[in-house]
Engineer: 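Pasting a structure here, questions to come.
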Amino acid sequence: MDATTTRVDRFDGAIAAMEAAIGAEHVLTRDLEDHCDPFAPEGDWYRPGAVLMPKSVEEVQAILRIANEHDTPVWASSQGRNKGYGGGAPRVSGTFVLSLRRMNRVLEVDEENCVALVEPGVRFFDLYDHLRQTGSKLWMSVPDLGGGSVIGNSLEHGLGYTPIGDHFGQHCGMEVVLPDGEILRTGMGGMANPHNWLIYPHSCGPSWDGIFSQSNFGVVTKMGVSLFPAPEVYAPGWFTLGDEAQFGAFLDVLRPMMIDGTIPNQPMITNAVCAASAFGERKPWYDGTDAIPEEVLDRIAATPGFGRWVMRFALYGDAPVVAHNRAKITAALGAIPSGAVTFDQFDGRDLPELTNPHHRVQAGIPSMALDQMTRWYGGEEGGHIGFSCAMPISGKDGTAIRDLARGLLNERGLDYSAAIIVGKRSMVHVALVVFDTKNEAQTRDAYAATKAMLEPAAKLGYGEYRSHLDFMDEVAALYDFNNNAQRRFAERIKDCLDPNGILSPGKQGIWPARLRQDPA
């Protein structure tokens, strides 16, 4: 393209070409709020210039080729529902958003091998409905909010709460459109006629799947996801801890039961504020403009079913195995001072209608009920940002990040609301930084406070596992071993696969060469 061509000319030319390729009705140039950061402060904040909504792989290929021809970057998203991390907004305002919402087919369900093949626009609700409508007996895994993309959640290292809740770890096989429009299939999909593309995750040679998670190296258009058979027994459990001082001891008791598989799913541990926010707003508890005081936290903790900390978890499987693990958990956690363990139990092959959203999500049934948490401040106008550090399951680490996050948030008058997702050997401490989006000062304080936690956490050795759009660069800079070798390696891959820098520039702090010095 001629170097004298203006940005407006390039954009207008690309719009015309995109309309010809995918239909003018699928190129949106107005009313784009659903593709922005839903909780952003007022002003020009990471807004798309247009939204492209392809229906097929071929249309994705056409979009990327046009973007290269016209030098117009595109920011790819599956559903764009990653709300606490920026939604579907682009890192560079005014560029195209490539939304894959219309690519929403469940292509295959293999009942024998317990896998499905889906497109990126398939939401957790869509996959669940498909399984039920086709008479499948299989269960799936879902995050707390089921409105997002199955593929998008996996690529962002999202987590669910069944035994297959490590969604990226449980995927198998991808189809990817590279920035130049070429199609790649990973693993056994590299064969022309594979019989195990969705069963065996590797090929003979390097495994490429990982480079397409949290990156801008390609657009994933198909992915295999794991399912599992309905268990004989489904037993959701609760552990409540009344004494804040026992928090560290609790984590140390929990760790061996995660490692040895006594607890087979991903538990979620919430503090008093987070637990209360799942049921209502802040005002009935406290209406001050400062952080919620200790005496109010004690009052929340005294509410039946709450505590200073609450853990939800679940057991699955044959009745004798569940009974054994249930007794083991009750003995271990029940021995902690101020701790109490309770269980419910259901026939996993004939579930009743579950009304408790926590019971639903641990049974792989999507819900939006826990979106209530964002309404702590501001009601329907509430918002949140995730500050999300990964660390060992240990009292020493858990208390360190608790004290850091609580202190920095309380200094700014914000409540410390924590949701800790526990895996087999690690846990992700998510500080849900909630705020009233109609309160401009509080909104900006929330974004600033979250950003302020990054460097102190890194100095303690804790890295973000996921980053909001607004501080992807800062998070990338904190992965600083050997002069940021990880980022430099990613840049080398970027320059090779996407020499024109058209696909999602700035995603996770990975910028094309031409924008590295001045991304604005």
Side-chain angles (χ1 to χ4, degrees), residues 139 141 159-166 228 230-272 274-275 278 298 300-348 351 354 356 358-364 391-400 402 418-429:
W139 284 25
S141 182
L159 298 166
Y161 304 100
T162 66
I164 55 170
D166 176 0
F228 69 107
E232 178 185 351
V233 173
Y234 166 53
W238 293 93
F239 171 72
T240 58
L241 184 71
D243 183 358
E244 184 74 42
Q246 295 297 322
F247 176 62
F250 155 51
L251 294 177
D252 289 331
V253 171
L254 176 64
R255 180 178 59 252
M257 292 191 291
M258 295 303 304
I259 291 174
D260 69 14
T262 300
I263 298 177
N265 75 328
Q266 280 71 230
M268 175 181 278
I269 305 169
T270 58
N271 70 345
C274 189
D298 286 335
I300 295 173
T303 303
F306 287 2
R308 290 300 293 246
W309 292 90
V310 184
M311 179 176 73
R312 75 174 190 209
F313 62 100
L315 305 179
Y316 312 76
D318 294 342
V321 175
V322 170
H324 172 81
N325 288 334
R326 180 169 171 169
K328 183 177 176 181
I329 293 164
T330 300
L333 294 178
I336 300 171
S338 80
V341 181
T342 58
F343 281 94
D344 290 293
Q345 188 157 309
F346 305 97
D347 181 345
L351 279 179
L354 299 174
N356 185 318
H358 298 284
H359 287 176
R360 290 174 63 84
V361 76
Q362 292 185 118
M391 64 195 62
I393 308 167
S394 84
K396 171 175 148 309
D397 297 290
T399 54
R402 174 200 66 187
I420 301 172
I421 307 169
V422 186
K424 191 172 181 64
R425 289 185 175 82
S426 63
M427 62 186 189
V428 176
H429 173 282

Engineer: Donor-acceptor pair, distance only, cut-off 3.5 Å: does the side chain of D243 make one with the backbone of A245?
Structural biologist: yes
Engineer: Within the side chain of Q266, is there an N or O that forms a donor-acceptor pair under 3.5 Å with the backbone of T162?
Structural biologist: yes
Engineer: Please report the closest heavy-atom contact between A418 and N271, naming both atoms and the distance.
Structural biologist: N-OD1, 3.0 Å
Engineer: For I300, is there any backbone N or O sitting under 3.5 Å from a side-chain donor or acceptor partner on T303?
Structural biologist: yes
Engineer: Please report the closest heavy-atom contact between E244 and W309, naming both atoms and the distance.
Structural biologist: OE2-NE1, 2.8 Å
Engineer: L315 versus V233: any side-chain heavy-atom pair under 4.5 Å?
Structural biologist: no
Engineer: Any side-chain to backbone donor/acceptor pair from R360 onto L354? Under 3.5 Å, distance only.
Structural biologist: yes
Engineer: Nearest 0.5 Å please: distance from the CD1 atom of I421 over to the CG atom of D166.
Structural biologist: 11.0 Å
Engineer: Once you round to the nearest 0.5 Å, how far does CG of D344 lie from NE2 of H358?
Structural biologist: 12.5 Å
Engineer: Look at D397 together with R255 and state whether they make a salt bridge at an N to O cut-off of under 4.0 Å.
Structural biologist: no
Engineer: Heavy atoms only: give me the nearest L351-A363 pair and the separation to one decimal.
Structural biologist: CD1-CB, 4.1 Å
Engineer: Do you know which of F250, F306, F313, F247 makes ring-ring contact (aromatic ring centres under 6.0 Å, His included) with F239?
Structural biologist: F250
Engineer: Ignoring hydrogens and geometry, is there a side-chain-to-backbone donor-acceptor pair from Q362 to Y161 under 3.5 Å?
Structural biologist: no
Engineer: For the side chain of Y234 and the backbone of H359, is there at least one donor-acceptor N/O pair under 3.5 Å apart?
Structural biologist: yes
Engineer: How close do G317 and E232 get, heavy atom to heavy atom, and via which atoms?
Structural biologist: O-CB, 3.6 Å
